[in-house]
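We number each residue from 1, following the sequence as shown.
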Amino acid sequence: RPRAHRTRASSGSALRAALLCALACGCGGAHAAAVGSSHAPPAEGPVELSLVTSDGARVELASQRGGVVLLFVVSTYDGVCQAAIRPVSSFTISHLDTVVLGVVAQPDAETFAGLYAETFAPPFTVTYEPEGTIALGTSDLGAFEAVPTFVMLDGFGVIADTHVGW
């Protein structure tokens, strides 16, 4: 019986992942090219962002100052973003001195952030930015060329490095 139970659990995870992909593709995923068309430059000083977790808790980047923060900016429907979860999870586990935040940046981010977190159960906190400025490219992070994008903030909250792609 334990073996059958594990099979059902993994089937449930696969089903949730398939559902997440199907919902995302049917809810704006095909129009992602229009998102992020702004060319706003990144902030020169500390990044000021207020993020929200799927359970509604606020995460203020200002409150993370004094430590290094890695922002893993993703779209839930992107296969490369999904593939990058494993190495980002490994990094999170092996670098406990770094706060890692997954940031869902796409239309309907609020809807998909919780499902993404539930489906993949990463060891990092999954958030979204409720104003949508990250997806539009008008936040303190500036515009992104693609997802996933990794943004490293230093202890002062200033962008130390940005890497696009996996």
Side-chain angles (χ1 to χ4, degrees), residues 16-65 67-85 88-89 92 98-154 156-166:
R16 281 194 305 270
L19 178 61
L20 175 65
C21 291
L23 286 172
C25 290
C27 297
H31 303 290
V35 176
S37 58
S38 170
H39 298 291
E44 292 184 21
V47 173
E48 300 290 340
L49 277 176
S50 179
L51 304 171
V52 179
T53 65
S54 58
D55 63 359
R58 288 232 174 239
V59 178
E60 303 292 334
L61 287 186
S63 69
Q64 303 299 322
R65 292 201 186 119
V68 176
V69 176
L70 175 64
L71 301 176
F72 172 44
V73 183
V74 301
S75 290
T76 61
Y77 54 83
D78 182 73
V80 177
C81 292
Q82 293 174 14
I85 291 173
V88 173
S89 293
T92 303
T98 301
V99 173
V100 178
L101 297 171
V103 183
V104 176
Q106 68 183 58
D108 300 322
E110 180 179 2
T111 302
F112 293 108
L115 187 55
Y116 185 81
E118 181 183 331
T119 300
F120 296 108
F124 51 85
T125 301
V126 176
T127 66
Y128 65 94
E129 192 268 317
E131 303 302 318
T133 61
I134 294 174
L136 293 173
T138 58
S139 77
D140 280 357
L141 299 176
F144 296 130
E145 296 172 33
V147 290
T149 294
F150 301 87
V151 180
M152 186 68 76
L153 304 177
D154 66 17
F156 299 103
V158 176
I159 297 173
D161 198 11
T162 301
H163 177 80
V164 178
W166 180 29

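At least one side-chain heavy atom of Leu61 sits less than 4.5 Å from a side-chain heavy atom of Leu101. You'll find the side chain of Ile85 reaches within 4.5 Å of the side chain of Tyr116, heavy atoms only. Between Glu110 and Val52, every side-chain heavy-atom pair lies at or beyond the 4.5 Å cut-off. In this structure the side chain of Ile134 reaches within 4.5 angstrom of the side chain of Val73, judged on heavy atoms. Contact annotation: the side chain of Pro130 approaches that of Arg58 to within less than 4.5 Å [non-hydrogen atoms, C-beta and beyond]. Side-chain contact between Phe150 and Asp161: absent, with no pair of heavy atoms (C-beta onward) separated by less than 4.5 Å. Residues Ile159 and Leu153 are in side-chain contact: their nearest non-hydrogen atoms beyond the backbone lie under 4.5 Å apart. No side-chain heavy atom of Pro122 sits less than 4.5 Å from a side-chain heavy atom of Val88.
A pairwise comparison of heavy atoms in Val100 and Phe124 identifies O-CB, 3.3 Å as the closest pair. Annotation for Leu49 and Ser139: closest pair CD2-CB, 4.0 Å, computed over non-hydrogen atoms. The shortest heavy-atom contact between Val158 and Glu44 is CG1-O, 4.1 Å. Ser50 and Glu129 make their closest contact through O-CG, 3.9 Å (heavy atoms, listed as atom of the first residue, atom of the second, distance). Minimum heavy-atom separation, Phe72 to Pro148: CE1-CB, 3.7 Å. Nearest heavy-atom pair across Tyr128 and Ala109 is CB-CB, 3.8 Å.
Between the side chain of Thr127 and the main chain of Val104, no donor-acceptor pair closer than 3.5 Å is present. Between the side chain of Asp78 and the backbone N or O of Cys81, at least one donor-acceptor pair lies under 3.5 Å. In this structure, the side chain of Asp140 engages the main chain of Glu48 through a donor-acceptor pair within 3.5 Å.
The structure places CE of Met152 at 9.0 Å from CG of Leu71, a figure rounded to the nearest 0.5 Å. Considering CG of Leu136 and CZ of Phe144, their distance stands at 12.0 Å, rounded to 0.5 Å.
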Apply side chain to side chain contact (heavy atoms under 4.5 Å, CB included) to Val80 and Val147, showing your working.
CA-CA 8 Å; Val80 177; Val147 290; over 6 Å; no
